[in-house]
Colleague: 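Quick one: this structure, given as structure tokens, is what I'll be asking you about.
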Amino acid sequence: MTLFKLLLLLLLFCSLRLRAQVALEQAFPNLTFANPVDFQSPRDGSPRVFVVEQAGIIRVFTNLPSASSSSVFLDIRDRVTSGGELGLLGLAFHPRYASNGYFYLNYTASHPLRTVIARYTVSPINPSSADKNSEVVLLTYNQPYSNHNGGQISFGPDGYLYIASGDGGSAGDPQNNAQNLTNLLGKILRINVNNSSGGRAYGIPPDNPFAGNTTGAREEIYAYGLRNPWRFSFDASTGRLWTGDVGQNRLEEINIVEKGKNYGWRIMEGTLCYNPSSGCNTTGLELPVWQYGRSEGYSVTGGFVYRGTRNPELTGLYVYGDYGTGRIWSLRYDGMNPPVNVQIAQLGTNRLSSFGVDQNNELYLCSFDGKIYRFQPSTATSIQAQPDVSTDVTLFPNYPQPFNPHTTIRLKIAHPMNVRLSVHSVLGEELRLLFNDVLSAGIHSFLFDASRFASGVYFCRLQAGEKQLTQRLLLLR
């Protein structure tokens with residue numbers, strides 16, 4: 001091997017090592033917030049950012065690590081019912097906020113318990129204060145229980161307002177709301193806030209999948225079959241809509257949401273049957289691009305595809321986490337190759353409530369310890385090759401087992417090395433190559449999609465360095 005190739009491989013090892021160990025730091029060490037659930041930039045040319053507190057307060061401050069104080073932009077605690085999964089849950093600035101001063105909120109109110117989507121206006125004389133009396137309620141829908149409210153709102157690249165609604169709560173979606181097209185629960189909604197129609201305070205985009213239907217389906221629905229989509233985002237480069245959907249008791253999901261598609265709940269939880277518990281009809285259901293089980297976490301917090309400049313090693317990767325364990329992962333997925341999931345950081349507080357981006361698309365993390373975090377910037381001095389101190393390689397049992405038709409295969413390596421992961425028949429024939437490239441040290445997960453395979457026994461083969469491991473896979477259709 002030439003010296004050039006050796007240096008190139010060393011640099012690749014180092015960049016992968018860094019990506020698996022991105023350090024967190026407090027973004028604003030002098031500031032503390034009460035249960036921050038959202039972080040937003042108005043993108044109006046100012047260096048300001050806004051933090052949403054669950055009880056009903058929005059705070060504004062200059063986006064500098066040295067910021068020593070924040071001011072109250074809006075206080076609607078008298079209108080918000082908060083606690084548990086209730087509260088002021090989402091904030092979205094109009095794409096033309098700099099000229100019209102409009103912003104939109106998603107909050108829960110009582111008597112009856114309901115979700116409120118409302119428009120507010122900034123004060124005409126103070127850009128750091130909103131006019132509390134300017135509220136215009138656009139949309140409300142009742143909540144049968146106090147959990148699973150969704151809460152995210154965001155403008156898409158098309159200029160429409162997208163709204164995440166949970167299935168209404170309790171456990172197991174007892175009213176089957178997520179599959180019921182005549183209500184707004186368990187859905188991603190899309191509305192036009194710039195034009196009203198049909199006696200509503202908003203319009204229906206003409207290409208909404210149920211626009212103009214005569215079957216009673218709600219025209220606001222963009223996609224359905226979701227349990228509790230806690231945080232979605234649009235990739236600033238591709239426009240893809242990524243969503244984290246909180247699971248019932250087995251699997252957490254990452255979905256790429258597309259118009260008119262059914263994401264399965266409560267028929268399925270991830271790739272597993274839920275109701276019925278076996279033999280469910282999966283026809284027409286969209287499966288997650290990634291999922292993880294209770295050994296990794298129990299409440300997914302959807303994130304963003306990284307498009308900033310502080311951490312170039314994360315560019316193009318979907319960064320998300322888990323509220324319950326504080327684990328933070330990056331997911332590489334291009335729609336063609338198998339997804340690759342890597343844990344990149346650990347939030348020690350284990351209370352990761354939300355992600356957000358600033359005017360430069362840099363990523364921030366909200367935690368219920370009251371702090372806002374970000375990744376430390378990449379520096380040349382932080383990229384250091386690690387010595388080869390061990391050759392330990394572990395191939396964990398796949399989950400679930402048996403499976404139909406997806407299963408997650410996890411492995412652990414002690415230092416960067418070339419890894420080849422493949423699936424074989426009982427006769428030894430290679431049927432699917434899952435991965436063949438250099439991996440960093442740590443735990444890695446791969447999703448095996450056996451949709452085109454018949455029921456039976458298969459074998460997963462891991463070749464890592466000089467070590468080869470094999471594991472039995474059982475597919476039951």
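Because the structure is predicted, anything quoted here is derived from the model rather than measured.
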Colleague: Please say which of Thr81, Thr108, Thr115 ends up in a side-chain hydrogen bond (donor to acceptor under 3.5 Å, both in side chains) with Gln143.
Modeller: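 When Thr81, Thr108, Thr115 are each tested with Gln143, the side-chain hydrogen bond (donor to acceptor under 3.5 Å, both in side chains) holds only for Thr115.
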Colleague: Without swapping roles, check the side chain of Asp173 against the backbone of Asn176 for a donor-acceptor pair under 3.5 Å.
Modeller: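 Indeed, once roles are kept as given, a pair shorter than 3.5 Å links the two residues.
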Colleague: Do the rings of Phe39 and Tyr364 sit parallel, tilted or perpendicular, given the 30° and 60° boundaries?
Modeller: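 Ring orientation, 0 to 90° scale: parallel.
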Colleague: Between Glu296 and Arg327, is the closest basic N to carboxylate O distance under 4.0 Å?
Modeller: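 Yes, this pair counts.
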Colleague: Over 60° means perpendicular and under 30° means parallel, so tell me whether Phe50 and Phe73 are parallel, tilted or perpendicular.
Modeller: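 Answer is perpendicular, since the angle exceeds 60°.
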Colleague: Looking at Glu220 and Lys187, is any side-chain nitrogen of the basic one under 4.0 Å from a carboxylate oxygen of the acidic one?
Modeller: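 No, this pair does not count.
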Colleague: Would Arg351 and Asp369 pass as an ion pair if we require N to O under 4.0 Å?
Modeller: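 Judged by the 4.0 Å cut-off on N to carboxylate O distance, Arg351 and Asp369 do not form a salt bridge.
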Colleague: Any donor-acceptor pair under 3.5 Å linking the side chain of Asn63 with the backbone of Val49?
Modeller: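 No: the side chain of Asn63 does not pair with the backbone of Val49.
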Colleague: Before accepting this row, confirm whether a basic side-chain N of the pair Glu252/Arg294 lies closer than 4.0 Å to the acidic partner's carboxylate O.
Modeller: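 Between Arg294 and Glu252 there is a salt bridge, with a charged N closer than 4.0 Å to a carboxylate O.
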Colleague: Who passes side-chain contact (heavy atoms from CB on, under 4.5 Å) against Asp78, sequence neighbours left out?
Modeller: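 With sequence neighbours excluded, Asp78 shows a side-chain contact (heavy atoms from CB on, under 4.5 Å) to Ile76, Lys132, given in chain and number order.
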Colleague: State whether the number of non-hydrogen atoms from other residues, nucleotides or ligands found under 6.0 Å of Arg77 atom CZ is greater than 12.
Modeller: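 Atom CZ in Arg77 is not packed in, count stays at 12 or less.
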Colleague: Identify whether the distance between the nearest side-chain nitrogen and carboxylate oxygen of Glu25 and Arg310 falls below 4.0 Å.
Modeller: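 Yes, Glu25 and Arg310 are salt-bridged.
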Colleague: With no hydrogens and no angle check, is any side-chain donor or acceptor of Asp245 less than 3.5 Å from a backbone partner on Arg227?
Modeller: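 It does hold such a pair.
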Colleague: Kindly compute the distance separating CG (Asn341) from CD (Gln291), expressed to the nearest 0.5 Å.
Modeller: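 Result: 11.0 Å between the selected atoms.
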Colleague: Report the distance from atom OG of Ser233 to atom CZ of Phe304, rounding to the nearest 0.5 Å.
Modeller: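 Here the rounded value is 5.0 Å.
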Colleague: Rounded to the nearest 0.5 Å, how far does CG of Leu185 lie from CG of Asn177?
Modeller: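 So the CG of Asn177 and the CG of Leu185 are separated by 4.5 Å.
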Colleague: Using 0.5 Å steps for rounding, measure from the CG atom of Asp38 to the OG atom of Ser354.
Modeller: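 Output value for this atom pair is 5.0 Å.
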Colleague: Could you tell me whether Arg119 sits above the aromatic face of Tyr102, with NZ or CZ closer than 6.0 angstrom to the six-membered ring centre and within 45 degrees of the axis?
Modeller: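 Checked: cation-pi criterion met.
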Colleague: Keeping Tyr320 on the side-chain end and Gly244 on the backbone end, is there a donor-acceptor pair under 3.5 Å?
Modeller: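 No: the side chain of Tyr320 does not pair with the backbone of Gly244.
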Colleague: Do Ser367 and Thr349 pair up side chain to side chain, a donor and an acceptor below 3.5 Å, judged on atom types alone?
Modeller: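 Yes - a donor-acceptor pair under 3.5 Å links their side chains.
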Colleague: With side-chain hydrogen bond (donor to acceptor under 3.5 Å, both in side chains) as the test, pick out the partner of Asn208 among Glu219, Arg190, Lys259, Arg218.
Modeller: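 Result for side-chain hydrogen bond (donor to acceptor under 3.5 Å, both in side chains) with Asn208: Arg190.
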Colleague: Which of parallel (below 30°), tilted (30 to 60°) and perpendicular (above 60°) describes Tyr104 and Phe155?
Modeller: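 Plane angle over 60°, so perpendicular.
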Colleague: Calculate, to the nearest 0.5 Å, the distance between atoms CG and CG belonging to Asp235 and Leu241 respectively.
Modeller: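 These two atoms lie 10.5 Å from each other.
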